[in-house]
Amino acid sequence: MTELPLHPAIVHIPIGIALALPVVAGAALAGIWLKKFEPRTWYLILLLQLILLAGGGLSMNTGEDEEHKVEAIVAEELIESHEETAKLFMLISALGTIGSLGAIVAMRSNEKTGRYIMAGTTAVLVAAAGMALATGHEGGELVYRHGAAGAYTAPASAPAGQPRGERDD
């Protein structure tokens, strides 16, 4: 077996965070709106967004590094589609990060405006979660339907004591 790729391990960071963020942001928003949480609670949302962006950037870099090896097995247009979906996921996530930062800034001068920006940002985070699912689905299709993992696996070995190419039927 050859060296395993880093990309499949890294992609779970931004995908997992993207799926959790709408729930965490919704809870934070509700708590802030009901004055159960301090507005500074939203810093957690911004921190998670920054981790998502860092993990997403690393995922895209590792995907680019491994793309050429996988292209020997999987059609380039399938890989490009996955890459374009990932770029859209990152764009929407970046918009969510900008919204999170905007909400924090707005809260300092007008709490009501800040809360509305938080609500809009939470909606963007739902869209980012949807794109995370789409990106992950396409990646899974590359591996499980189109055989991308074959770029990193050696042919199956024969059972002990039996030469390759021969089988007991």
Side-chain angles (χ1 to χ4, degrees), residues 4-68 70 74 76-146 148-149:
L4 293 176
L6 186 57
H7 182 71
I10 299 297
V11 299
H12 293 92
I13 295 168
I15 290 173
I17 293 172
L19 295 177
L21 255 171
V23 175
V24 175
L29 175 62
I32 292 167
W33 207 283
L34 297 171
K35 302 203 184 284
K36 301 288 183 186
F37 299 150
E38 292 291 321
R40 68 176 174 232
T41 303
W42 201 257
Y43 281 99
L44 172 63
I45 306 309
L46 178 60
L47 175 64
L48 290 171
Q49 281 289 100
L50 293 171
I51 295 169
L52 184 156
L53 288 177
L58 185 57
S59 294
M60 290 187 74
N61 284 337
T62 58
E64 288 286 332
D65 292 344
E66 295 163 12
E67 177 178 1
H68 301 294
V70 174
V74 178
E76 185 176 350
E77 61 267 7
L78 294 172
I79 296 168
E80 292 298 322
S81 176
H82 175 57
E83 184 178 350
E84 292 303 315
T85 305
K87 286 178 182 177
L88 185 55
F89 164 53
M90 289 298 291
L91 175 63
I92 295 170
S93 296
L95 292 174
T97 303
I98 293 166
S100 291
L101 184 58
I104 290 168
V105 170
M107 287 295 284
R108 293 181 179 183
S109 60
N110 187 323
E111 188 173 326
K112 186 175 182 179
T113 300
R115 289 190 313 229
Y116 283 116
I117 294 171
M118 288 176 188
T121 298
T122 301
V124 171
L125 298 179
V126 171
M131 287 309 301
L133 286 173
T135 304
H137 178 77
E138 284 189 0
E141 292 259 323
L142 290 175
V143 172
Y144 296 108
R145 177 178 261 178
H146 301 290

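Positions are given from 1, in the same order as the sequence printed here.
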- request: With sequence neighbours excluded, give me every side chain to side chain donor-acceptor pair (under 3.5 Å) pair touching residues 8-23.
  value: none
Atom of Ala25, atom of Leu125 and distance for their closest heavy-atom approach: CB-CD1, 3.6 Å
- request: Identify the two heavy atoms, one from Ala129 and one from Ala18, that lie closest to each other, and give their separation to 0.1 Å.
  value: CB-O, 3.4 Å
message: To the closest 0.5 Å, what do you measure between NE2 (His7) and CG (Leu142)?
response: 8.5 Å
- line: Taken to the nearest 0.5 Å, the spacing of Ser100 OG from Leu21 CG works out to 7.5 Å
query: Would you say the side chain of Met107 lies within less than 4.5 Å of the side chain of Lys112, judging by non-hydrogen atoms?
result: no
Candidate pair Leu52 and Gln49, rule side-chain contact (heavy atoms from CB on, under 4.5 Å), full reasoning: CA-CA 5 Å; Leu52 184 156; Gln49 281 289 100; 4.0 Å; yes
- line: So side chain to side chain donor-acceptor pair (under 3.5 Å) across residues 51-60, not counting sequence neighbours, yields none
message: Which heavy atom of Thr97 sits nearest to which heavy atom of Leu53, and what is that distance?
response: OG1-CD1, 3.2 Å
- line: Scanning both residues in full, the closest heavy-atom pair of Thr113 with Ala106 reads CG2-CB, 4.3 Å
message: If we ignore hydrogens and angles and just use 3.5 Å, is the side chain of Glu141 paired with the main-chain N or O of His146 as donor and acceptor?
response: no
- prompt: Side chains of Glu64 and Glu83: closer than 4.5 Å at any heavy-atom pair?
  reply: yes
- request: Nearest 0.5 Å please: distance from the CE atom of Met60 over to the CD atom of Glu67.
  value: 10.0 Å
task: Kindly compute the distance separating CD1 (Ile92) from CE (Met90), expressed to the nearest 0.5 Å.
output: 11.5 Å
- prompt: Are any non-hydrogen side-chain atoms of Ile45 and Val24 less than 4.5 angstrom apart?
  reply: yes
message: Whether the side chain of Thr41 engages the backbone of Phe37 through a donor-acceptor N/O pair (distance < 3.5 Å, no angle test) should be reported.
response: no
field: Carboxylate-amine/guanidinium contact Arg145 Glu138, below 4.0 Å
entry: no
query: Do you know the tightest heavy-atom contact between Gly55 and Ile13?
result: CA-CG2, 4.4 Å
Distance in Å, Thr85 OG1 paired with Leu133 CG, rounded so as to fall on 0.5 Å steps: 12.0 Å
field: Pro14 and Phe89, any side-chain heavy atoms less than 4.5 Å apart
entry: yes
- prompt: Can you pull the ring pair (Phe, Tyr, Trp, His ring centres under 6.0 Å) pairs that have at least one residue in residues 101-128, sequence neighbours excluded?
  reply: Trp33-Tyr116
message: Using 0.5 Å steps for rounding, measure from the CG atom of Leu6 to the CG atom of Asn61.
response: 10.5 Å
- prompt: If every non-hydrogen atom of Glu66 is compared with every non-hydrogen atom of Pro5, which pair is closest and at what distance?
  reply: OE1-CB, 3.1 Å
- request: State, with a plain yes or no, whether a side-chain heavy atom of Val70 is found less than 4.5 Å away from one of Ile79.
  value: yes
- request: Determine whether His82 and Lys87 make a side-chain contact, defined as any pair of heavy atoms from C-beta on separated by less than 4.5 Å.
  value: no
